[in-house]
Amino acid sequence: MSSKRTILVGLAGQQNSGKSTIFNMLTGANQHIANYPGVTVDKKVGSYRDSAGRVEVVDLPGTYSLTSFSLEERVTRDFLRNEKPDAVVNVLDTSQLKRSLYLTFQLLEMGMPLVLACNMVDVAEARGMALDANVLSSALGVSVVTTVGRKGAGKADLRDVIRTTASRESGAETPRTVVAYDELEPHIAAVEKRLNEASGLALIVPPRWLALKLLEGDSEAAGILEASHSDAAGVLTLVRSLATSFEEEMDISPADHIVSCRDELASQIVAACMTQEKSKRASLSEKVDRFVLNRALAPFVLVLSVYCIYELSIVQGYELTKFTWPALAWLRETVASLLPFPGLLEDSLLRSLVLWMVDSANTLLNYVPIFFILFALIAILEDSGYMARIAFILDRIFHSFGLHGQSTLPFILGGVFAGGCAVPGVMATKGIPDERSRLATILTVPYMNCLAKVPLYTLLVNIYFAAHKSWAMLFISTITIIMALIIAKFLTSVVLRGKETAPFVMEMPTYHLPTVLGVLRRSVDRTWQYIKKVGTIVVAVSVCVFFLLQFPGVPEEHMADYRGRIDEAMTEFRADVAALGETPYLQLVQGEGLEDLVIVYDEYRAARLGGGSNVNEEFEATYPEFYPLIARSGDAAAKKINRMLRGLSNTRKTIRREIRSEQIANSFFGRLGRLLEPVTHFAGFDWKVNIALISSFAARESSVATLGAIFQEGADEGATLEQRMASESNSEGRTPLGALALIIFFALYPPCLATTIMVKVQTGSYKWMLFSIMFPTVLGLAVSSVVFTGGSVLGLSGVEAMGVFYGAALILAVALAFVPDPAWNAPKTTYVEQS
């Protein structure tokens, strides 16, 4: 018996087998989520203590097999091979026992110390099935425990069997080979003999398992061979020769023969250990699917489901930010109170930097309510079994463009209907099993119409397409989908062509009622992951953006002019106060006291606009000498000074805004805007637009805010930004055609800072993060340049160019749908199973 007190247990099983509920049942609240090194697949780790010591449980990704087709399969297989756990618990769906045994056979062939947890026996019994666990245990030579994870049934027995299995000395009881591959056995033996020539290989992997994998054509098995066998080339030559001769002789490939033998044995075992009452009644899942998957009703059910997700997470979740944002604003004010006092015209670098970082973090933390609801709804869809139905309904259309049926939800959350957000859209790609489709979805979700893009669209449509607002918005809403499909086709056919695609396995799991605890736990885990990962990355990135917009700053001679203007305004203010005669406040506005008074006045007004409940009490206690002037007391002189103070405050704000505008124009980003003019003028963009687009990288809303700062003329007269831009457009030659080019560029523009961070989080790669920035920039500039320059040459109006571009894009998308995908020729296995 092993004397190890702490043991490592791997929890393996197919998707929808109830593996997560068994993990929760075993570990309780003592668990956390990380990522496997180098990949984005979740690594759920938990632990518990039994009478002998500590048991660490790793919840492996749900997988149907142990091949190397998908990321999840590779992660699971690598963990089993490299970590060599003391015990492996294989969770099986008892009501789908035959299908579940396929993975069990492979775990036995890997020589794993195996325990079977036959889960959901209550579901099986409800269908009239009865499992004889002793017969199953005898047939496979492993311990079998029946469980109902969501009710905690079988927990004690399973823990006991885990400890017993893990305590056996290595090699004391090797699981016997259960699958006989008949005519293939001599070939397996021949390869196994060659493998045994390599000393030490048996310590890495079982030779028979490796022989099977080589005959199956597993690419990673060849890599294991090359790393551990001195004559790998000779062995591979032998394998190819044996595989060819077998296929010629049996008219079936070794891989298909292996599947056939496993399937036959699974049928025999199920027939021996499972009895089934004959019933003509359809199961509940079948009854629900008659409605949910009905050809006529399925689209409506899908749209309704998606609408509910959209309404609850984005719309209602955003309503919750009305409660969270004041808390974040309070946090900002608290941080600001700890920083150096603001300056009259310029704030200290420390204050500006810290507040910039806090604002950047607050922008992302404000999404937390949305994400929490979103993750909970996704968990409900996954646990209930409807997520698989969504993929089934839409897979055929998306498949034509290299996407996956599960790409639907990310696109909708990203803003298929204007008003979404790319950040939760990218987050929602986590469930897509196909790596190539997942990457393509991640890279195309940002093309959707996120909420932050809408202000600029509205601004441009109101100015340049006022007579065709509805058509213009319809164009914007639909062209993004068309372009996303075109780009997805290009990416999957060219850029992602080398990415492996998993054989498409579509399962129709039994409908389950999700547990509240399971949904909450998954929502909290995923939300906390978001806060940790984004929160740490955004600090570093926001610092870089800050300095690029802050430096080299306004030239000193210009700053001298600004100081001269504020000094002049303050001198006039003092003279006006003196003209009031002898008042108790005359001394307050002398010297540097006036600067403090103006700053406190603006801070007070900002605090009042923020809606603080104790603003007056706080300012009266902190600034008792200024309070009568900033809060308009009943004193007549104080009222007059308060009105004059408002004018001085406006002068200060105007000068600060001008300094900020010049700072932007003179910053590295601003210089970049002018530097880009020779290139962007083909798309009709001048340096002002360039700066707005560059600044919007931090957040889409920044585009309009920056334009507001740049187009200052008329602001003092209360003119709207639309009126100011329209006025300058006439004098600077801006046209609807240029506005159309800008709309198209903005639609294809790189994702915002938060989304690019999420691209990094979801792909685990800075390479794809940079690609998500560079590719859309080049593409967007190229397309918008063709539209603007081509439209100018042809003499098209903005509306005419809009129609021509839309028609061309639609025809291209339809044509690309018929272009064969490289993956269509790859071997694939499709299962469509109905419970």
Side-chain angles (χ1 to χ4, degrees), residues 446-447 452-453 455-457 459-461 463-465 472 475-476 479-480 483 487 545 548-549 661-712 721 724-726 728-753 756 770-798 801-802 804-805 809:
Y447 295 120
K453 288 182 179 180
L456 183 65
Y457 289 150
L459 180 72
L460 296 175
V461 168
I463 295 174
Y464 299 101
F465 300 99
F475 167 81
I476 294 170
I479 193 64
T480 48
M483 293 303 296
I487 294 167
V545 174
L548 288 172
L549 281 173
S661 298
E662 184 171 350
Q663 195 173 43
I664 292 173
N666 197 46
S667 68
F668 292 116
F669 266 170
R671 294 180 182 186
L672 182 60
R674 292 186 182 280
L675 187 67
L676 291 174
E677 269 191 333
V679 178
T680 60
H681 85 278
F682 291 106
F685 306 159
D686 60 13
W687 73 273
K688 293 180 179 179
V689 174
N690 290 344
I691 290 177
L693 293 173
I694 293 171
S695 68
S696 72
F697 175 68
R700 285 284 179 269
E701 297 88 340
S702 298
S703 60
V704 174
T706 305
L707 288 172
I710 294 173
F711 289 89
Q712 288 293 312
L721 179 57
R724 284 179 271 152
M725 283 189 66
E728 290 197 26
S729 292
N730 295 330
S731 59
E732 297 181 6
R734 291 193 178 85
T735 64
L737 185 61
L740 173 65
L742 180 55
I743 288 173
I744 292 173
F745 182 80
F746 208 60
L748 303 178
Y749 191 58
C752 65
L753 176 62
T756 53
L770 292 175
F771 181 84
S772 73
I773 299 171
M774 300 304 297
F775 175 74
T777 302
V778 174
L779 177 69
L781 189 59
V783 175
S784 56
S785 296
V786 169
V787 170
F788 180 75
T789 304
S792 299
V793 171
L794 296 175
L796 299 177
S797 67
M802 189 181 290
V804 171
F805 179 75

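Here, residue 1 is the first one in the sequence, and each next residue gets the next number.
Two residues are said to be in side-chain contact when any heavy atoms from C-beta on lie closer than 4.5 Å; H681 and D686 fail this criterion. Side-chain contact between F805 and V783 is present, with at least one heavy-atom pair separated by less than 4.5 Å. Between V804 and L794, the closest side-chain pair of non-hydrogen atoms is not below 4.5 Å. A 4.5 Å side-chain heavy-atom check between F475 and M802 finds at least one atom pair inside the cut-off. Using a 4.5 Å heavy-atom threshold, the side chains of L460 and F465 count as separate.
Test I773, L779, T777 against F775 for side chain to side chain contact (heavy atoms under 4.5 Å, CB included) and you get one pass: L779.
With hydrogens and angles ignored, the 3.5 Å screen pairs no side-chain donor or acceptor of S772 with any backbone N or O of T756. Looking at N690, its side chain never comes within 3.5 Å of a backbone N or O of L693 through a donor-acceptor pair. No side-chain donor-acceptor contact under 3.5 Å links S784 to the backbone of A683.
Distance check: I743 CD1 to F745 CZ gives 13.5 Å after rounding to the nearest 0.5 Å. Taken from CD in E677 to CZ in R674, the straight-line distance is 6.5 Å, to the nearest 0.5 Å.
Minimum heavy-atom separation, T480 to A747: CG2-CB, 3.9 Å. Between L742 and F685, the closest heavy-atom pair is CA-CE2, 3.6 Å. For the residue pair S797 and L737, the shortest heavy atom distance occurs at O-CD1, 4.3 Å. Closest approach of F788 and A741 over heavy atoms only: CB-CB, 3.9 Å. Residue G780 comes nearest to L748 through the heavy atom pair CA-CB, 3.9 Å, listed as atom of the first residue, atom of the second, then distance.
For E662, the side chain to side chain donor-acceptor pair (under 3.5 Å) partners are H558, Y562, not counting sequence neighbours.
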